[in-house]
Amino acid sequence: SGSTITGSSSVDAPVSFHIQARNAQDLNLIGDSSDPTPEQFQVTAVGPQDKSAVISTPTSGVYPVSCSITTSGTYNLQALLQGVPLGLGVESSDGTFTLTVAPGAGSNNSVASGAGLTKGLVGATQTV
């Protein structure tokens, strides 16, 4: 029972996922005034670069979460509600899961090429 966390990440993009808040009977909250506020959740990524996530206003008990991580590496992502670890629907009792952030495209490995970089015609679309 409790809240669950699901989601995914991609290279060079904010890590984003959702928290589905549930009550003591393991039923999804539906978005009424008794639901927790986003400020009652804490989500932290601990790793090469420690970051706090932003929890947004929920829709029907689903809280969008976003965390901008700019350093590649392995992170422990911990989610808490009022200081208590969330149940993640997996074999984690402390509200954490492992997140691997891969390096993105680097300027040393990227190139620009094509005729449109050196000449063009006014009023015409140039292809690079």
Side-chain angles (χ1 to χ4, degrees):
S1 70
S3 300
T4 60
I5 193 170
T6 59
S8 63
S9 65
S10 60
V11 176
D12 286 338
V15 174
S16 60
F17 55 91
H18 296 86
I19 296 173
Q20 171 64 67
R22 295 187 174 151
N23 63 19
Q25 291 76 37
D26 206 25
L27 300 174
N28 293 347
L29 299 180
I30 58 171
D32 64 23
S33 62
S34 66
D35 289 357
T37 64
E39 295 78 22
Q40 291 175 298
F41 289 95
Q42 301 84 39
V43 177
T44 308
V46 178
Q49 172 192 36
D50 294 351
K51 295 290 266 184
S52 294
V54 175
I55 298 91
S56 299
T57 303
T59 302
S60 299
V62 177
Y63 297 75
V65 181
S66 179
C67 187
S68 294
I69 297 175
T70 57
T71 303
S72 63
T74 302
Y75 292 80
N76 287 321
L77 203 59
Q78 183 173 49
L80 307 171
L81 173 57
Q82 297 177 334
V84 177
L86 298 182
L88 300 178
V90 295
E91 297 298 318
S92 175
S93 60
D94 63 355
T96 64
F97 67 93
T98 302
L99 171 68
T100 301
V101 177
S107 60
N108 292 336
N109 300 332
S110 302
V111 296
S113 63
L117 290 173
T118 58
K119 62 181 176 179
L121 181 61
V122 174
T125 301
Q126 306 301 309
T127 303
V128 178

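Quick note: residue numbers are just sequence positions, from 1.
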Task: Inter-residue atom distance L81.CG - I19.CD1, 0.5 Å rounding - done: 8.0 Å

TODO: With the side chain counted from C-beta on, respond yes when T70 and Q49 share a heavy-atom pair under 4.5 Å apart, and no when they do not.
DONE: yes

Open item on the list: I need the minimum non-hydrogen distance between V65 and A53, along with the two atoms involved.
Closed with: CG1-CB, 3.6 Å

- [ ] Find out whether L77 and F17 are in side-chain contact, i.e. whether some heavy atom of one side chain is under 4.5 Å from a heavy atom of the other.
- [x] yes

Open item on the list: Suppose we screen for side chain to side chain contact (heavy atoms under 4.5 Å, CB included). Which residues come up paired with T74, at least two apart in sequence or across chains?
Closed with: T98, T100

Task: Under the side chain to side chain contact (heavy atoms under 4.5 Å, CB included) test, residues paired with P58 that sit two or more places apart - done: P38, Y63

Task: For Q42, all residues meeting side chain to side chain donor-acceptor pair (under 3.5 Å), sequence neighbours excluded - done: none

- [ ] Would you mind reporting whether V43 and C67 have side-chain heavy atoms less than 4.5 Å apart?
- [x] no

TODO: Return the set of residues passing side chain to side chain donor-acceptor pair (under 3.5 Å) with T71 (not counting sequence neighbours), or none when no residue passes.
DONE: none

TODO: Could you list the residues that satisfy side chain to side chain donor-acceptor pair (under 3.5 Å) with Q82, not counting sequence neighbours?
DONE: none

